[in-house]
Amino acid sequence: METTITQIKDFLSKCEEVKNCKFIMATTRIKDLLKSIVNSAELYELFNTVAANFDYTAAKQKCLVDDPAFGHSKVLLPDTIGDRLAFIFCLLVEFDRNDINFNAFLQKYYPKDGSYYASYHLFCDEVIGSLESIICDVFAQELGAEQALQAMQQPARITYNGQSAEQPVAQPEQAQPEPRIAFNAQSAALINMVCMLIDSEKETVCSSTLKDDDKEAALMLLDSLAAAVRAGDGALIKSLTCGYNYLVMNTQFVSDSVSELFEAVSEYLGAI
């Protein structure tokens with residue numbers, strides 16, 4: 001357990017580096033934070049477990065809120081610990097990949113005096129602070145894997161602008177169905193990656209000059225592909241991938257990320 005605790009401490013140290021670094025170094029420190037997850041077997045398994053069946057695309061629609069009632073756009077982190085960990089992890093990955101421009105994100109969701117510095121510290125207080133707090137709670141008593149998973153069901157600590165509170169979580173009336181594919185870290189990571197690439201492809205399709213009928217067909221195929229990936233339906237994944245590939249060739253619409261998407265789908269099929 002000594003190795004695990006050392007790795008957890010390294011992760012928490014990386015969180016502090018993100019929170020305390022100069023703004024110009026923020027994306028570099030976020031990259032270091034993600035590397036510390038990959039370098040820890042316990043953390044890697046934890047994050048991939050919570051991300052395995054997490055619908056990041058749907059979560060973004062709920063969590064990244066554009067509501068005039070707030071006076072500005074706002075981030076509402078998920079209530080449960082498992083979903084919150086998955087959402088923050090996926091968000092940091094998008095920053096690292098530059099799928100979301102970090103500077104633009106800060107100005108939109110954490111505006112403060114028109115300053116990136118102030119916006120960055122608001123972001124760190126809420127997002128990185130919440131991440132750090134959850135990991136401290138999960139590993140507080142050097143929890144084993146089973147205890148850590150049970151801790152996921154506890155209410156998450158909500159922090160915003162330096163204030164915190166406990167959010168009660170409604171208990172489900174019945175157990176959730178088991179996923180169709182057994183968990184393993186590689187599959188979980190690939191599911192998350194494929195779904196993020198599908199989300200990126202959908203955004204590109206929506207902003208393209210494709211005819212409306214072709215756009216509708218492309219979006220339907222991509223939505224169905226994402227559902228098939230989450231369900232682990234290999235035969236359907238192959239059919240939908242072939243269908244989307246045919247549409248790409250027929251319309252001659254080739255996005256910058258489509259080859260990466262096909263490669264990720266192929267790798268995922270090889271892992272299930």
Side-chain angles (χ1 to χ4, degrees), residues 1-51 63-64 74-107 109-113 115-143 147-148 151-152 154-167 189:
M1 197 64 184
E2 181 180 355
T3 301
T4 297
I5 294 303
T6 300
Q7 292 169 343
I8 299 303
K9 288 181 177 179
D10 178 65
F11 171 83
L12 296 174
S13 174
K14 293 295 188 294
C15 287
E16 286 298 311
E17 289 178 9
V18 173
K19 291 164 63 178
N20 296 320
C21 75
K22 295 181 179 179
F23 171 70
I24 195 172
M25 294 296 296
T27 53
T28 298
R29 294 293 175 250
I30 288 173
K31 185 183 294 289
D32 292 341
L33 179 61
L34 292 171
K35 286 180 181 178
S36 73
I37 295 173
V38 175
N39 292 335
S40 168
E42 292 285 343
L43 284 174
Y44 187 72
E45 181 175 355
L46 174 63
F47 279 93
N48 278 292
T49 298
V50 298
C63 297
L64 303 183
K74 183 182 180 74
V75 176
L76 297 177
L77 295 176
D79 292 337
T80 62
I81 288 177
D83 284 353
R84 185 171 293 199
L85 280 178
F87 178 77
I88 293 175
F89 173 73
C90 293
L91 186 64
L92 294 179
V93 168
E94 287 209 288
F95 292 149
D96 181 49
R97 290 164 49 87
N98 202 32
D99 290 334
I100 295 179
N101 181 275
F102 188 52
N103 292 5
F105 178 88
L106 291 178
Q107 288 292 281
Y109 293 102
Y110 294 94
K112 182 71 172 179
D113 302 330
S115 145
Y116 282 120
Y117 176 83
S119 296
Y120 177 61
H121 281 282
L122 284 178
F123 164 81
C124 287
D125 286 344
E126 183 174 8
V127 178
I128 303 302
S130 183
L131 175 63
E132 189 176 17
S133 177
I134 291 172
I135 295 301
C136 286
D137 289 344
V138 170
F139 291 94
Q141 302 297 325
E142 301 183 6
L143 294 175
Q147 291 173 307
M152 296 295 172
Q154 299 303 314
R157 180 179 291 110
I158 295 176
T159 59
Y160 186 72
N161 288 350
Q163 298 180 345
S164 64
E166 293 296 331
Q167 173 71 29

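Proximity of L131 to L92: side-chain heavy atoms (C-beta onward) are separated by under 4.5 Å at one or more points. Residues I37 and F11 have side chains in contact (heavy-atom distance under 4.5 Å, counting atoms from C-beta outward).
In this structure, the side chain of S119 does not engage the main chain of Q107 through any donor-acceptor pair within 3.5 Å. When atom types are taken as modelled, the side chain of S133 and the backbone of G129 share no donor-acceptor pair closer than 3.5 angstrom.
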(request) Applying side chain to side chain contact (heavy atoms under 4.5 Å, CB included), run through F47 and L43 and close with a yes or a no. (result) CA-CA 6 Å; F47 279 93; L43 284 174; 4.1 Å; yes
(request) Might you work through the side chain to side chain contact (heavy atoms under 4.5 Å, CB included) test for L46 and F139, ending with a clear yes or no? (result) CA-CA 11 Å; L46 174 63; F139 291 94; 3.9 Å; yes
(message) Pair N39, Y44 - check side chain to side chain contact (heavy atoms under 4.5 Å, CB included), show working.
(response) CA-CA 7 Å; N39 292 335; Y44 187 72; over 6 Å; no
(message) Quick one, F105 with E94, criterion side chain to side chain contact (heavy atoms under 4.5 Å, CB included). Give me CA distance, side-chain angles, the key distance, then yes/no.
(response) CA-CA 11 Å; F105 178 88; E94 287 209 288; over 6 Å; no
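Not counting sequence neighbours, the partners of K19 by the salt bridge (Lys or Arg N to Asp or Glu O under 4.0 Å) test are E16, E132.
Smallest separation of non-hydrogen atoms from V50 and L85: CG2-CB, 4.1 Å. Across all their heavy atoms, L33 and S36 have their closest contact at O-OG, 2.6 Å.
In this structure, CD1 on I135 lies 7.5 Å from SG on C15, to the nearest 0.5 angstrom. Atoms NE2 and CG, on H121 and N20 in that order, are 7.5 Å from each other to the nearest 0.5 Å. The structure places CG of D125 at 10.5 Å from CZ of F123, a figure rounded to the nearest 0.5 Å.
Classified by interplanar angle (parallel below 30°, tilted 30° to 60°, perpendicular above 60°), the ring pair F23/F102 is parallel.
Of the residues listed (R29, K31, K35), the one engaging D96 in a salt bridge (Lys or Arg N to Asp or Glu O under 4.0 Å) is K31, and it is the only one.
Centroid-to-centroid, the aromatic rings of Y120 and Y116 stay 6.0 Å apart or farther.
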